[in-house]
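Down below is the structure, laid out as structure tokens.
The residues of the chain are indexed from 1 along the displayed sequence.
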Amino acid sequence: MNTVTLKRIDEDNFLDAFALTLAPGQEDFVSHPIRSLAQAYVYYHQCTPFGIYHGDTMVGYVMVIYDYDLKEYNIWHMMIDQAYQGNGFGTQALQQCLAYIATAPFGPSRKVVLTCNERNTTALHLYRRLGFGETGNRDEDEIELALTLEA
């Protein structure tokens with residue numbers, strides 16, 4: 001089985017995140033890790049950026065952020081490098097994000113929210129398969145989905 005682990009992005013591995021690439025046409029779906037890590041730096045008191053690893057290789061990136069005003073967690077900018085897509089790494093990484101969120105690292109909440117480009121059918125399928133449902137909220141071409149973690 002192809003298993004992945006999440007490792008916090010820090011001074012030892014941030015360049016690996018910068019080297020991640022998307023398949024042609026996916027650039028509209030997720031921000032580049034350079035932009036994401038800049039956001040993580042700004043929101044350091046409520047955000048954890050993770051490299052998604054298969055063995056010693058960073059195969060993707062994801063960021064977990066806590067909204068103190070709404071008391072909910074958000075999953076931002078999840079991506080799997082184009083060379084590693086289709087191996088189940090996104091599913092495993094999302095499951096590990098949810099396990100991390102369940103530990104309430106920034107504050108209590110059972111609500112997890114994310115947005116997804118409506119044309120990103122692969123990601124939408126993944127999110128729905130893991131229990132995320134549409135909230136009815138939109139931001140231009142982004143659909144908001146949410147999941148309530150079990151107590």
Do [X] and [Y] come within less than 4.5 Å of each other through their side chains, counting heavy atoms only?
X      : Y     : value
Val30  : Leu22 : yes
Gln39  : Pro49 : no
Ser109 : Tyr68 : no
Val64  : Asn74 : no

Which residues satisfy the salt bridge (charged side-chain N to carboxylate O under 4.0 Å, His left out) test with [X], sequence neighbours excluded?
X      : value
Arg35  : none
Lys111 : Glu72
Glu118 : Arg138
Arg110 : none

To the nearest 0.5 Å, what is the distance between [atom1] on [X] and [atom2] on [Y]?
X     : Y      : atom1 : atom2 : answer
Ile65 : Tyr73  : CD1   : OH    : 11.0 Å
Asp67 : Gln46  : CG    : CD    : 7.0 Å
Cys47 : Tyr41  : SG    : OH    : 13.5 Å
Met78 : Leu94  : CE    : CG    : 5.0 Å
Thr91 : Leu126 : OG1   : CG    : 4.5 Å

Tell me the closest heavy-atom pair linking [X] and [Y], and the distance in Å.
X      : Y      : result
Asp12  : Asp10  : N-OD1, 2.8 Å
Cys97  : Leu6   : N-CD1, 3.8 Å
Asn117 : Leu124 : O-CD1, 4.0 Å

Applying the 4.5 Å side-chain criterion to the ILVMFWY set and letting contacts propagate, would [X] and [Y] be lumped into a single cluster?
X     : Y     : result
Phe50 : Ile52 : yes
Phe89 : Val62 : yes
Trp76 : Met79 : yes
Tyr66 : Val42 : no
Met58 : Ile34 : yes

Full working for side-chain contact (heavy atoms from CB on, under 4.5 Å) between Asp139 and Glu144: CA-CA 8 Å; Asp139 183 16; Glu144 183 183 82; over 6 Å; no

Within the 6.0 Å centroid threshold, strictly below: His54 and Tyr84: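 Ring centres of Tyr84 and His54 not closer than 6.0 Å.
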
Only counting residues at least two apart or in another chain, list the ones meeting side-chain hydrogen bond (donor to acceptor under 3.5 Å, both in side chains) with [X].
X      : answer
Ser36  : none
Gln95  : none
Arg119 : none
Asp16  : none

Got a sec, which residues hit side chain to side chain contact (heavy atoms under 4.5 Å, CB included) with [X], two or more places apart in sequence or on another chain?
X      : result
Leu98  : Ile75, Val112, Phe132, Leu147, Leu149
Glu134 : Arg128, Ile143, Leu145
Phe14  : Ile9, Phe18, Leu37

Side chain Gln85, main chain Ile80, donor-acceptor under 3.5 Å: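 The answer is yes, because a donor-acceptor pair under 3.5 Å joins these two groups.
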
What side-chain donor-acceptor pairs closer than 3.5 Å can you find for residues 99-107, not counting sequence neighbours?
from   : atom 1 : to     : atom 2 : distance (Å)
Tyr100 : OH     : Thr48  : OG1    : 2.7
Thr103 : OG1    : Tyr100 : O      : 2.5

